[in-house]
Every structure is written in C-alpha cells, then in structure tokens.
Amino acid sequence: MPYKAVVNIENIVATVTLEQSLDLYAMERSVPNVEYDPDQFPGLIFRLESPKVTSLIFKSGKMVVTGAKSTDELIKAVKRIIKTLKKYGMQLTGKPKIQIQNIVASANLHVIVNLDKAAFLLENNMYEPEQFPGLIYRMDEPRVVLLIFSSGKMVITGAKREDEVHKAVKRIFDRLAELDCIRPVEEEELEF
Amino acid sequence: RWRKWQIRARIQSSIDRNLAQAMNELERIGNLLNLSKAVKDEAALIYRKAVEKGLVRGRSIESVVAASIYAACRRMKMARTLDEIAQFTKANRKEVARCYRLILRELEIDVPVSDPKDYVTRIGNLLGLSGATMRTAADIIEKAKNMGLTAGKDPAGLAAAAIYIAALLNDERRTQKEIAQVAGVTEVTVRNRYKELTQELKIQIPSQ
DNA sequence: GCTTTAAAAAGTAAATT
DNA sequence: AATTTACTTTTCAAAGC
C-alpha cells in the first residue's frame with residue numbers, strides 16, 4: 001500500500017499578545033461590525049474579511065485569532081487587524097507576539113480503514129459509532145488527536161507545528177498498515 | 001499512626017455512604033430498563049471501581065451510575081442506547097456520555113464495539129418478531145459487516161433496516177415507522193440504511 | 001466546568017420546500 | 001423525498017463566573 005496522503009491545514013488557532021490594556025467599550029463604539037457583550041463573554045468579537053479570520057479581543061491586550069489556513073495567512077491577518085483597529089482610533093504600540101496554540105488539519109490516506117479491527121488492536125482509541133462515526137485516536141508522539149473515518153479521511157488536531165501534522169499522518173498510516181487495518185479503495189473518483 | 005487510621009476510616013465510611021445511595025439508584029434505573037440481575041451486578045462492580053478511583057468527585061452519583069449501567073450493558077451485550085438510560089436520570093445524554101468516557105479511560109475496562117446484532121435482538125423482541133426473522137436480520141448484518149457497510153454507522157439504524165428487510169422476506173411486515181420508533185432512530189435513517197443494504201447486498205424485495 | 005471562536009471529517013436529525 | 005441548516009466529536013487560547 002503506497003503512502004499517498006493528501007494533507008490540508010484547515011484552521012489555526014493562535015494567541016496574540018499586545019502587552020497593553022484595551023478599552024473594549026471604546027472599541028465597540030468606534031470600530032464597526034464588532035460584537036461585545038461582556039455578560040455573555042469577556043472578549044470582543046472582531047471579524048476580518050480578508051484573510052477571513054475571527055478575533056476575540058480581551059481587555060488585557062491579549063487576543064485569540066481563529067480561522068487562518070496557513071502561518072502566512074495568520075501573520076497577514078494579525079497585521080490587518082491591528083491596522084484596522086488603528087484606523088478607527090485605537091492607540092496601539094509595540095509589536096504583537098504571535099503564538100500558535102492549535103492546528104487543525106484534514107487528510108486523506110486514499111485507503112479504506114477497518115475501524116472495528118483498528119478499535120480492537122489500536123491503543124488509546126475510542127470508537128463509538130452510536131455517538132460519532134469516527135474512531136478517536138490519541139497519539140503520544142507527536143501529541144495530537146486524530147479522528148479517523150472508514151473512508152480513509154481524517155482530522156488531525158492538537159498540533160502546534162505543521163510538521164507534527166505530517167508526522168502524525170505518516171505514523172498513523174504505518175500503524176494501520178502494520179495492524180492490517182487498511183485495504184485499497186476499489187475505485188476512487190478523482191477530486192479537483 | 002492513629003491519625004492515619006482515622007483518615008482511612010473516614011474515607012471508607014464516605015465510600016460506604018456513596019455506595020449505599022448509588023446502589024439504590026442503580027436498582028431503580030436498572031428495573032426501569034428491565035435489566036437482569038447479572039447486568040445490574042456488572043454495573044455495580046463498575047461503579048464500585050469508579051468510586052474507589054475517586055471518579056465520582058464533582059459529579060452526580062446518578063450520572064456515574066447511569067454510565068456504569070451503559071458500560072455494563074455493552075459488556076453483557078444488552079443493547080440499550082445512552083438516551084434510553086439517560087431518560088431515567090436528571091442528567092442529559094451528554095453528561096452521562098462524559099462519565100462513560102471517563103470510566104473507559106480511568107478504569108481498565110474493555111468494552112466491545114457496539115454490535116448491530118444486539119439491537120436486532122432487542123428490536124425483534126419489542127416487535128414480537130419470529131426467531132427466523134431475527135436470524136435473517138442477523139445474517140444481513142453479518143454480510144453488511146463483511147462488505148464494510150457498517151463502519152461509522154449507528155448500530156441501531158443498521159439493525160432497524162435489517163429487521164425491516166428480514167420481516168419483509170419472512171412475510172411479517174412491519175412499517176418503517178414502528179421499527180424506527182422502537183429502534184430510537186428516524187424513518188429517514190431506516191430508509192437510508194435500507195436502500196444501501198438492499199442495493200449493496202443485492203437483496204430482492206418481493207413486491208406486495 | 002461553562003461561556004465564545006474556527007475548522008474538518010461522516011452520520012443523524014429536524015425543518016423547509 | 002430532496003435541500004438546508006444544525007448538531008455529534010476533537011483541539012486550543014483568552015477572562016470571568
């Protein structure tokens with residue numbers, strides 16, 4: 001079974017530290033299209049159209065940026081968020097510190113996975129088709145969680161670096177192969 | 001020395017009090033679900049392990065009891081959905097599921113993957129179907145498994161469709177609606193599984 | 001633990017048309 | 001019966017209850 005996995009980064013969650021406190025009430029008044037309801041959630045919600053990301057901004061000057069599909073997109077988005085806030089009169093100084101907290105990716109192994117067999121032979125897994133169609137596998141190294149479907153498609157989450165995603169996909173493919181839990185796809189429609 | 005004994009005695013008495021209350025709950029829910037003594041005993045054993053490992057701290061006794069019953073049913077191959085069990089508790093399905101996952105992780109308990117055949121037996125009995133029909137349905141499930149049609153699918157939905165087909169083949173037809181109701185799935189799910197099973201297994205349904 | 005945000009996978013569900 | 005929308009699972013941070 002040749003290894004021909006296709007991996008896609010779907011979402012990057014990152015924290016941004018501005019190192020200065022912010023007046024979210026003033027921000028809500030001057031910046032358009034923001035949501036702020038401190039009774040519901042302490043963060044102000046700011047949506048950037050391009051790159052399409054959503055930011056949760058806190059009064060401590062820390063923010064959470066979600067939705068980026070690459071590191072480049074994430075950095076570009078953070079710059080634009082800060083530029084936009086400045087445009088509407090927010091006083092921002094210093095350079096933001098960006099930290100990736102979680103990377104969510106999808107992958108396709110292009111094989112059929114025998115989930116019943118994998119559930120029996122694999123360690124640290126949970127497969128409850130009454131609750132969810134995927135097998136949940138907690139990998140120790142790299143430390144990520146994979147949601148594996150019988151179609152050979154999967155979700156990889158919990159990674160902090162992109163190489164961890166690729167490493168995890170290769171590792172689970174090898175593991176499933178050695179446990180004899182995969183078989184070729186009869187006929188696969190090409191996706192473009 | 002004395003203090004250590006005192007602490008141990010206090011912990012033991014708290015476990016005893018917890019167990020006494022839990023066993024009442026277990027008996028109540030178990031009877032409402034018409035579970036046999038063997039299943040209730042298994043659930044009691046699982047619950048006792050959970051208490052000893054301190055898994056009940058910060059959680060309601062009722063939720064952990066419900067989760068223990070679910071785990072016991074799975075081990076004893078007594079098909080019961082989480083919803084069926086959770087309906088007799090104040091907790092919702094999500095909370096019972098959380099406790100169940102905790103039990104699976106923290107206690108070294110092996111629970112086999114849910115088998116649609118267990119649901120065939122339960123649905124067949126609830127509908128008063130013949131043993132022949134249930135055996136036909138079990139055969140359909142076995143063939144579906146071998147063809148890889150069951151992975152990721154709700155075992156209750158698969159069993160419902162297999163029962164629907166088997167009942168038609170054995171001339172004791174039941175409507176999709178009544179099967180869906182006792183199986184705890186929607187008619188749409190029964191129909192979707194029915195289409196897939198008849199097509200992939202090339203089952204010919206005699207027209208009425 | 002909860003609240004909010006994003007995203008994929010595949011199954012199931014409910015509301016419209 | 002086909003669409004659309006929405007929820008199941010997993011991950012992670014933020015501040016506060």
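In terms of phosphate contacts, B:T189 brings a side-chain nitrogen or oxygen within less than 4.0 Å of OP1 or OP2 of C:dA13. Between A:R47 and C:dA6, a side-chain N or O to OP1/OP2 separation shorter than 4.0 Å is present.
Distance A:N8 CG to C:dA6 C1': 16 Å, rounded to the nearest Å. If you take CG of B:L149 and C1' of C:dA10, they are 15 Å apart, rounded to a whole angstrom. Note: CD1 (A:I12) to P (C:dT5) measures 20 Å, nearest angstrom. Whole-Å rounding puts the B:R191 CZ to C:dA13 C1' distance at 13 Å. Atom CG of A:N11 and atom C1' of C:dA7 are 4 Å apart (whole Å). In this structure, CG of A:L135 is placed 12 Å from C1' of D:dT10, rounded to the nearest angstrom. Rounded to whole angstrom, the span from the CD1 atom of A:I9 across to the P atom of C:dA9 amounts to 14 Å. The nearest whole Å value for the distance from the CG atom in B:D154 to the P atom in C:dA10 is 17 Å.
If you check every strand for non-hydrogen atoms under 4.0 Å, A:S151 touches sugar and phosphate atoms only. Within 4.0 Å of B:G152, counting heavy atoms only, lie sugar-phosphate atoms of the nucleic acid but no base atom. Across all strands shown, B:R98 has heavy atoms under 4.0 Å from sugar-phosphate atoms exclusively, and none from any base. Across all strands shown, A:I156 has no heavy atoms under 4.0 Å from either base or sugar-phosphate atoms.
Using a 4.5 Å heavy-atom threshold, the side chains of A:L122 and A:I172 count as touching.
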*Tell me, with the steps shown, if A:E35 and A:R47 meet salt bridge (Lys or Arg N to Asp or Glu O under 4.0 Å).*
CA-CA 9 Å; A:E35 295 171 42; A:R47 286 166 215 277; 3.3 Å; yes
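The pair A:E178-A:R175 meets the salt-bridge criterion, with a side-chain N (NZ, NE, NH1 or NH2) lying under 4.0 Å from an Asp/Glu carboxylate O. Salt-bridge check for B:R191 with B:E187: passed, with a basic side-chain N closer than 4.0 Å to an acidic carboxylate O. A:K167 has no carboxylate O lying under 4.0 Å from a charged side-chain N of A:E164, or vice versa, which leaves the two without a salt bridge. A:D174 has a carboxylate O that lies under 4.0 Å from a charged side-chain N of A:K170, or vice versa, which qualifies the two as a salt bridge. A salt bridge is absent between B:E95 and B:K90; no separation between the charged side-chain nitrogens and carboxylate oxygens falls under 4.0 Å. Between B:D115 and B:K117, no side-chain nitrogen of the basic residue sits less than 4.0 Å from a carboxylate oxygen of the acidic one, so the salt-bridge criterion is not met.
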*Could you run through nucleotides 3-9 of chain D and give me one letter per nucleotide, 5' to 3': B if any protein heavy atom sits under 4.0 Å from the base, S if only the sugar-phosphate is that close, - if neither?*
-----BB
_I need a per-nucleotide contact map over nucleotides 12-17 of chain D, read 5' to 3'. Cutoff is protein heavy atoms under 4.0 Å; write B for the base, S for backbone only, - otherwise._
BBBBS-
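Judged by distance alone, with hydrogens and angles left aside, A:T157 brings a side-chain donor or acceptor within reach of the base of D:dT11, the pair sitting under 3.5 Å.
Remark: the separation of the P atoms in D:dC7 and C:dT3 is 13 Å, to the nearest Å.
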At a cut-off of 3.5 Å, list every protein nitrogen or oxygen paired with a nitrogen or oxygen from nucleotides 14-17 of chain C, distance to 0.1 Å.
none

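Under the 4.5 Å side-chain heavy-atom criterion for grouping Ile, Leu, Val, Met, Phe, Trp and Tyr, A:I98 is connected to A:I9 within one hydrophobic cluster.
Each salt bridge (charged side-chain N to carboxylate O under 4.0 Å, His left out) pair with one or both residues in residues 61-76 of chain A, not counting sequence neighbours, appears once here: A:E10-A:K69. Each salt bridge (charged side-chain N to carboxylate O under 4.0 Å, His left out) pair with one or both residues in residues 152-166 of chain B, not counting sequence neighbours, appears once here: B:K153-B:E196.
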*Can you run through DNA chain D from 5' to 3' and write each base as (, ), [, ], | or . depending on how it pairs? Watson-Crick or G-U wobble, both distances under 3.5 Å.*
||||||||.||.|||||
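Atom CG of B:D171 has 12 or fewer heavy atoms from other residues, nucleotides or ligands within 6.0 Å.
Heavy atoms only, all atoms of each residue included: B:A97 and B:L82 are closest at CB-CD1, 3.7 Å. The nearest pair of heavy atoms linking A:Y3 to A:H166 is OH-O, 4.2 Å.
Two rings, from A:F149 and A:F132, have their centers less than 6.0 Å apart.
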